[in-house]
Colleague: 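I'd like to ask you about the structure that follows.
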Amino acid sequence: MDDNREPFFPPEVMTLIRQGRIFSGGIRHRDIVKKLLPESFEWIPITVPLENAFSCYKKIFTEKKEEAIVVFASGDPLFFGFANTVKRKLPDAEIRLYPAFNSLQTLAHRLVMPYDDMRTVSLTGRPWQEFDRALIEHAPKIGILTDREHTPATIAARMLEYGYSHYTMYIGEHLGNPEKERVRSMTPQEAVHSSFEHPNNLICNIESRPSSNNNYFGIPDEEFAHLDGRSRMITKAPIRLLTLQALELNHRHVFWDIGFCTGSVSIEARLQFPHLRVVSFEVRAEGEKLMATNSRRFGAPGITAVIGDFLQTDTGHFPRPDAVFIGGHGGHLKEMLAKIKETLQPGGCIVFNSVSADSKAAFLEGVQAAGMTQHPSIRIALNDYNPIEIMKATLS
């Protein structure tokens with residue numbers, strides 16, 4: 001159903017409602033359909049936590065196997081909707097669907113905007129990851145489902161923070177409600193200072209390409225903000241790209257960058273492989289500002305920056321990596337390898353750029369002690385810099 005206070009249901013659905021006894025839905029749904037329900041009805045509220053509703057469902061199915069539950073939901077229940085949750089939590093339940101248009105379809109219809117090329121993203125109770133990916137990939141049209149934290153204003157703020165101001169935002173509020181429905185068009189600069197009523201959603205559409213496009217492949221070293229102005233304290237662009245190649249990030253899911261310094265490897269990985277979840281570690285407190293500056297400069301949202309000694313950091317609440325780059329080790333490379341091995345996913349890899357015979361020996365010893373497989377390395381020399389050996393090991 002939509003948000004219309006005078007809902008229209010086809011005859012088959014009206015028959016199910018008249019013959020039903022047990023109904024379920026959100027508070028808003030109950031308020032809308034109450035006058036259509038039979039006198040002696042039972043209502044199971046769908047509220048957080050959802051376990052409360054599903055415990056009621058399971059009890060009914062256990063005690064009265066032939067009983068049906070009529071569930072009211074917004075839009076298309078298979079589009080980021082409640083039917084997906086039912087299928088997951090009650091896989092044996094028989095489901096019959098009578099969908100309405102989902103809210104993004106409705107908004108596109110109001111705008112007379114074709115939506116077959118639209119990237120859809122749900123921020124309803126979800127993190128920014130897929131929205132960030134759509135921005136990095138410069139998706140020309142992004143349909144976004146919101147919640148009370150991910151509002152059009154906070155979405156606009158994130159777009160502006162990372163330099164994605166070239167979208168026009170079309171916001172729909174109370175779609176389907178004749179009294180409250182409102183559709184507006186505005187720039188992110190306008191949206192960030194506006195207020196919006198819930199429920200709402202939006203479509204971001206590129207009206208024109210930006211004059212400067214951050215589609216880098218090998219970001220020039222001089223464009224980064226550097227640690228205390230020390231331009232040599234960075235993984236140089238050619239080394240950076242060879243390192244990413246060794247990590248095989250095209251089929252990885254979670255990437256850890258240990259000793260990120262300027263953030264160059266993390267940012268390059270985020271831009272080249274937007275599907276990745278990137279967690280970056282740096283012992284120096286200055287790294288936090290550097291990562292913030294550089295990730296915003298190059299339009300790379302979604303990097304989790306962690307400041308502190310990696311060996312002393314509790315990494316249990318971060319997603320387990322299947323690719324790790326060690327950019328700095330502070331003389332504790334073997335200990336670092338042992339810690340990484342404990343959380344690295346099977347088949348995952350570690351890449352290390354050795355600049356001396358001592359660091360090469362330490363990596364080889366650490367890999368052997370961890371029971372990992374050493375791969376052939378790549379040796380490269382750039383200009384007047386010392387040769388670098390790109391070393392790699394994998395976990396069976």
Colleague: Ignoring hydrogens and angles, state whether a donor on the side chain of H150 or T124 is under 3.5 Å from an acceptor on the partner side chain.
Modeller: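 No, no side-chain donor-acceptor contact under 3.5 Å.
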Colleague: Between N201 and S103, does any side-chain donor sit less than 3.5 Å from a side-chain acceptor?
Modeller: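 Present: a donor and an acceptor within the cut-off.
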Colleague: Can you list the residues that meet the ring-ring contact (aromatic ring centres under 6.0 Å, His included) rule with H109, with sequence neighbours excluded?
Modeller: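 Expected list: F101, Y115.
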Colleague: Say whether T146 and T151, considering side chains only, have a donor N or O and an acceptor N or O under 3.5 Å apart.
Modeller: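 No.
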Colleague: Which hydrophobic side chains are connected to M336, either touching it within the sub-4.5 Å cutoff or through other members that do?
Modeller: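 The other cluster members (ILVMFWY side chains, heavy atoms under 4.5 Å, direct or chained) are V254, W256, I258, V279, F281, V306, F310, L311, F318, V324, I326, L333, L337, I340, L344, I350, F352, F363, L364, V367, M372, M391, L395.
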Colleague: Say whether R277 and T304, considering side chains only, have a donor N or O and an acceptor N or O under 3.5 Å apart.
Modeller: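 No, because no side-chain N or O of R277 sits under 3.5 Å from a partner of the opposite role on T304.
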Colleague: Do Q105 and N102 meet the criterion of a side-chain donor-acceptor pair at a distance under 3.5 Å?
Modeller: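 Q105 vs N102: donor-acceptor pair found between side chains.
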Colleague: Who clusters with V71? Use side-chain heavy atoms, under 4.5 angstrom, across I, L, V, M, F, W and Y, and order the result by chain and number.
Modeller: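 So far as hydrophobic clustering goes, V71 is joined with I22, I44, I46, L50, F54, Y57, I60, F61, I69, L78, F82, V86, L90, I95, L97.
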Colleague: With H174, which residues qualify under ring-ring contact (aromatic ring centres under 6.0 Å, His included), at least two apart?
Modeller: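 Listed in chain order: nothing, the list is empty.
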Colleague: Taking NZ, NE, NH1 and NH2 as the nitrogens, is one of them in E282 or R284 under 4.0 Å from a carboxylate oxygen of the other?
Modeller: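 R284 and E282: salt-bridged.
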Colleague: Parallel, tilted or perpendicular for H275 and F273, by the 30°/60° rule?
Modeller: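 Perpendicular: the ring planes of H275 and F273 meet at over 60°.
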Colleague: Just by distance, do the side chain of R110 and the backbone of G172 share a donor-acceptor pair under 3.5 Å?
Modeller: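 Judged by distance alone, no pair lies under 3.5 Å.
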Colleague: In the hydrophobic cluster built from side-chain contacts under 4.5 Å, what are the other members alongside W43?
Modeller: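 Its cluster partners, ordered by chain and number, are M1, F9, V13, M14, L16, I17, F23, I32, V33, L36, L37, F41, V70, F72, Y98.
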Colleague: Quick one: side chain to side chain contact (heavy atoms under 4.5 Å, CB included) partners of D2, sequence neighbours excluded?
Modeller: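 If we apply the side chain to side chain contact (heavy atoms under 4.5 Å, CB included) test to D2, skipping adjacent residues, the hits are N4.
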Colleague: Check for a donor-acceptor pair, side chain of R270 on one end and backbone N or O of P301 on the other, with a separation under 3.5 Å.
Modeller: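 A pair under 3.5 Å: yes.
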